[in-house]
Amino acid sequence: DDSSAAGGGSLHFYNSSMVTTNEDGFLEMNSIVSKTKWDHFDPVKQKYKHVTKDFKSGMMQSWNKFCFTGGILEVDVIFPGDPHIGGLWPAIWLLGNLGRATYE
């Protein structure tokens with residue numbers, strides 16, 4: 001849901017339909033150029049606002065679903081497109097269980 005704290009202000013509309021697993025069981029997240037329009041309720045102003053995003057992509061959050069206490073966590077990612085052409089900023093984020101980076 002793009003209107004949540006996780007996706008607010010982004011250029012993408014995050015939708016769970018863009019996150020799937022393939023026949024080999026690998027996670028696939030897709031991004032496409034797709035105009036998406038909806039009416040977003042602003043809880044502060046207590047009114048609806050018309051919103052349009054030009055890209056649609058997937059996001060997976062594991063907040064409060066996985067507690068990593070030590071060891072090694074490995075992520076193998078293939079990003080889309082040519083690495084020498086700027087544009088989208090795909091990323092992998094690993095955050096602490098409280099939703100913020102933790103350092104010791």
Please report the C-alpha distance between Tyr14 and Ser57 in whole Å, then the side-chain angles of each, then the deciding distance to 0.1 Å, and finally whether the side chain to side chain contact (heavy atoms under 4.5 Å, CB included) criterion is met. CA-CA 5 Å; Tyr14 292 103; Ser57 66; 3.4 Å; yes
Can you tell me which residue pairs pass the salt bridge (Lys or Arg N to Asp or Glu O under 4.0 Å) test with a partner in residues 10-31, sequence neighbours excluded? none
Going by the rule side chain to side chain donor-acceptor pair (under 3.5 Å), which residues pair with Thr52 if we only count those two or more places apart in sequence or in a different chain? none
Quick one: pull up CG in Asn22 and CG in Leu27 and give me the separation to the nearest 0.5 Å. 9.0 Å
Please enumerate all residues that pass side chain to side chain contact (heavy atoms under 4.5 Å, CB included) together with Val75, with sequence neighbours excluded. Val77, Ile92
Taking ILVMFWY side chains as joined if any heavy atoms are under 4.5 angstrom apart, and letting links pass through other members, which residues group with Met18? Ile32
Can you pull the salt bridge (Lys or Arg N to Asp or Glu O under 4.0 Å) pairs that have at least one residue in residues 54-64, sequence neighbours excluded? Lys35-Asp54
Hey, what do you get for OG (Ser31) to CE (Met59), rounding to the nearest 0.5 Å? 10.5 Å
Sequence neighbours left out, cut at 3.5 Å: what donor-acceptor pairs do the side chains of residues 42-50 make with other protein atoms?
| from | atom 1 | to | atom 2 | distance (Å) |
| --- | --- | --- | --- | --- |
| Asp42 | OD1 | Val44 | N | 2.9 |
| Asp42 | OD1 | Lys45 | N | 3.3 |
| Gln46 | NE2 | Pro43 | O | 2.6 |
| His50 | ND1 | Asp39 | OD1 | 3.2 |

